[in-house]
Colleague: 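Could you have a look at this structure, given as structure tokens, before my questions?
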Amino acid sequence: MTQHILVAVAWPYSNSDIHVGNLAGSYLPADIFARYQRLKGNQVLMVSGSDAHGTPITVKADADGVTPEEIYQRYQPRFLDLFQRLGLNYDLFTTTHTENHFKVSQALFLALKENQLLYTEEQQQWFSPALNRFLPDRYVEGTCYICGYDNARGDQCDNCGNVLDATQLVSPRAKIDGSVPELRKTTHFFLDLAKLQPQVIEFLESRKDYWRPNVVTRSLGWIRSQGLHGRPITRDLDWGIPVPVEGWEAKRLYVWFEAVIGYLSAAIEWGKISGQPDAWHRWWTDPAARAYYFLGKDNIDFHAILWPAELIGAADQFSLIFEGSEGKPLNLPYDVPANEFLNIQDRKLSGSRNWAVWALDFLERYDPDPLRYYLTAIMPETSDSNWDWDDFVARNNNELVATWGNLANRVLSFAHRHWDGRVPSLRGVSDEIGQDEAIPKLEELRPQDRQLLETIEAGFESVGAHLEAVKLRAALGEAIRLASEVNAYLDAQAPWSAVKTDKAAAGATIYTAIRAIDNLKILLSPFLPHTCEQLHQTLGYDAPLFGEQYTETQSDALGEHLVLRYRDAGASGRWAPSTLQPGRSLRQPAPLFKKLEPSVADEERARMG
RNA sequence: GGCGAGGUAGCUCAGUGGUAGAGCAGGGGACUCAUAAGCCCUUGGUCGUGAGUUCAAAUCUCACUCUCGCCA
């Protein structure tokens, strides 16, 4: 039965390039999972976009003396370039700065308001008369009221590490121009999380049996230790989404509240530009659909607590307000397989200190699949993990090149030499090759051949089960283990000897080995899509395994935005055992991976820091 | 200070009650189709420390200790 799967991927702030930590945390696992689901024949909708309204964007804009819009427009094309090169198949990668996202966010706000889950409260906030604007906490600096450090930020003191109450800062000054701010009263909307707490707990309880322990225990622990409290969802800013209430024109929706709505608005935008404006309901209001959220652990609270609270609170009011149609409740997350952090060479990753491996920079020197392979092998699924350049080189050489790439190469080269570039026929030694030869059932093969193929085909269950549970590292390990079963089989059969005395036996071995490789190509394709696609072509197939990505410019009342899309394009990959036609023509094989010199690790280490 | 995660072979990690595992690294061997790759065999651990529960604990409980993260 076809299932609808929403693959919701964390939204990057569009003020910085993407590094391997971001990839390992959310983007890559999401793509692997989505590719697997597509191969299974499920209806996947993988969406994300850039967060154009976050504080880091306005901070950078102020620092560079440009508008926030320019900042986000600067990074968006770089994101899309990276995703295409790395093969992250988003159905839609858009941005929060779209008319559609504005409308969806405002409708969700109004739904919560309608359901009596918003209230207003007066707060004190620093205001700069010189700049004539309110200052977000991190725009104010001053003396820390705890340790006396005179260069503390409004939200946190870098000296003593304490989180600060900005209004208590001593001798405050505006970061932008040094002007002295004053405290002014300002009123904001708050989301009444206390009222939603029982339903949020119920939501978490209902999923705790299959969620990752670190995600669910952390979330429940957080709620139980301090309870949920009202949280402001508006700010005094001019960049962002206007609050859809009369008299509130000068305020904007708070980014934490609005950015997560992107998962919903992107699905809606996807439907619109695909000519199926109602299609989003299949992923969002059909209870049979499943939504998986891929993110790093720093985002767990937003996705396991706050976003579900927004969805629970909006209930059936959202679609009522948004489309004026029959109201239907919105689906809650099915799973939130958040990853821990990736360290670099035993140190905490830091983009600002250049202690990072930048993804686009990496792809200048290496291919995408070795990166995907290594990041999956060390994916921080249960605890923080460590990127180590020596380890990268070793795994590339020992696992990718030696175990898997070499397997494909040795078998296909051998077939080329002795069977004239074809899959061996099982009719015997004769060169009488026809495309009409029946595809042999496993029981028609020799016992050793049947045994190997049964082992490999079992991978569709075992690797699939790991993928289904979002245990990607285990899934990849299992697939590679199966590749080495084929190496062992070849060694036992020694077709290079048999070919001299019993070419039919050697042919049976090579037929079996190619068929095993044809299976492994599918099992590995979610992880290694580029090289599996190449291998698929070498094996003589014409239709691609996966669809293709393309970019396109969308226009709306806010201007133009560049998006990444995906089209099926005759994708033929299926999560099912190979039915390899004897006698099929092969294409000239070429190595799938490059062996790396150990000195690469030294060179790369020298680049960092 | 509170909460959470983690401490298992030289390295990276898997393993939630029943005779300690994988990959890599190290040692040995047979082979030669292949990117000197692959295959077979092998060295190596008192599972952070101490106590408890149990016929039985890496696994459950408690205390302690170290690392990382979140929060105050």
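Letters A, B, ... mirror the listed sequences (proteins, then strands); counts begin at 1.
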Colleague: Looking for any heavy atom pair under 4.0 Å, which part of the strands does Arg417(A) touch: base, sugar-phosphate only, or nothing?
Modeller: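 Arg417(A): backbone/sugar contact only, no base atoms under 4.0 Å.
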Colleague: What nucleotide, of C13(B), C40(B), C24(B), holds the atom closest to the side chain of Ala488(A)?
Modeller: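 Nearest nucleotide to the side chain: C40(B).
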Colleague: Decide ring-ring contact (aromatic ring centres under 6.0 Å, His included) for Phe203(A) and Trp307(A); before the verdict, give the C-alpha distance in whole Å, the side-chain angles of both, and the deciding distance to 0.1 Å.
Modeller: CA-CA 12 Å; Phe203(A) 156 75; Trp307(A) 176 228; over 10 Å; no
Colleague: Identify the two heavy atoms, one from Leu523(A) and one from Ile456(A), that lie closest to each other, and give their separation to 0.1 Å.
Modeller: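 Leu523(A) and Ile456(A) have their closest heavy atoms at CD1-O, 4.0 Å.
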Colleague: Can you identify which nucleotide, out of A37(B), A34(B), G38(B), has its nearest atom closest to the Lys595(A) side chain?
Modeller: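 Shortest atom-to-atom distance from the side chain points to A37(B).
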Colleague: Please convert RNA chain B into dot-bracket. A pair counts if it is Watson-Crick or G-U wobble with both distances under 3.5 Å; crossing pairs go in [ ] and bases paired with another strand get |.
Modeller: ((((((((.[[[[.)..(..]]]].((((.........)))).....[[[[[..)....]]]]]))))))).
Colleague: Does the separation of the ring centres of Phe189(A) and Tyr119(A) fall below 6.0 angstrom?
Modeller: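 Centroid separation for Phe189(A) and Tyr119(A): 6.0 Å or greater.
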Colleague: State, without any angle test, whether Thr509(A) and Arg446(A) hold a side-chain donor-acceptor pair at a distance under 3.5 Å.
Modeller: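 Looking only at side-chain atoms, Arg446(A) and Thr509(A) do form a donor-acceptor pair, the distance falling under 3.5 Å.
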Colleague: Under the criterion of centre distance below 5.5 Å and interplanar angle below 30°, is Phe414(A) classified as stacked on the base of C33(B)?
Modeller: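 Stacking is absent between C33(B) and Phe414(A), given that the ring centres and planes do not meet under 5.5 Å and under 30°.
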Colleague: Contact class for Leu490(A) vs. all strands (heavy atom < 4.0 Å): base, sugar-phosphate, or nothing?
Modeller: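 Since no nucleic acid heavy atom lies under 4.0 Å of Leu490(A), the category is nothing.
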Colleague: Whether the Tyr489(A) and Gln448(A) side chains hold a donor-acceptor pair (N or O, under 3.5 Å, no angle test) is what I'd like checked.
Modeller: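 The answer is no; no qualifying pair exists.
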Colleague: Using the closest heavy atom to pick a nucleotide of RNA chain B for each, name whichever of Phe593(A) or Asp301(A) lands nearer the 5' end.
Modeller: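 Here Phe593(A) is the residue nearer the 5' end.
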Colleague: On a heavy-atom basis, which atom in Ala415(A) and which in Ile514(A) lie closest, and how many Å separate them?
Modeller: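 For Ala415(A) versus Ile514(A), the nearest heavy atoms are CB-CD1, 4.0 Å.
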Colleague: What nucleotide, of A34(B), G23(B), C33(B), holds the atom closest to the side chain of Asn406(A)?
Modeller: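 Ranking A34(B), G23(B), C33(B) by closest atom to the Asn406(A) side chain puts A34(B) first.
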Colleague: Would you say the ring centroid of Tyr373(A) lies under 6.0 angstrom from that of Phe392(A)?
Modeller: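 Distance test on ring centres: not under 6.0 Å, no.
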Colleague: Grab the CG-P distance between Asn487(A) and U35(B) for me, whole Å please.
Modeller: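 Atom-to-atom, Asn487(A) to U35(B), this comes out as 14 Å.
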Colleague: With RNA chain B as reference, determine whether Ser385(A) or Ala494(A) sits nearer its 5' end, using the nearest nucleotide of each.
Modeller: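 Its nearest nucleotide lies further toward 5', so the answer is Ser385(A).
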Colleague: Just checking Glu399(A): base, sugar-phosphate only, or nothing, at a heavy-atom cut-off of under 4.0 Å?
Modeller: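 Sugar-phosphate, no base atom in range.
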Colleague: Which is true for Asn409(A) with a 4.0 Å heavy-atom rule: it touches a base, it touches only sugar-phosphate, or it touches nothing?
Modeller: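 Base contact - Asn409(A) has a heavy atom under 4.0 Å of at least one base atom.
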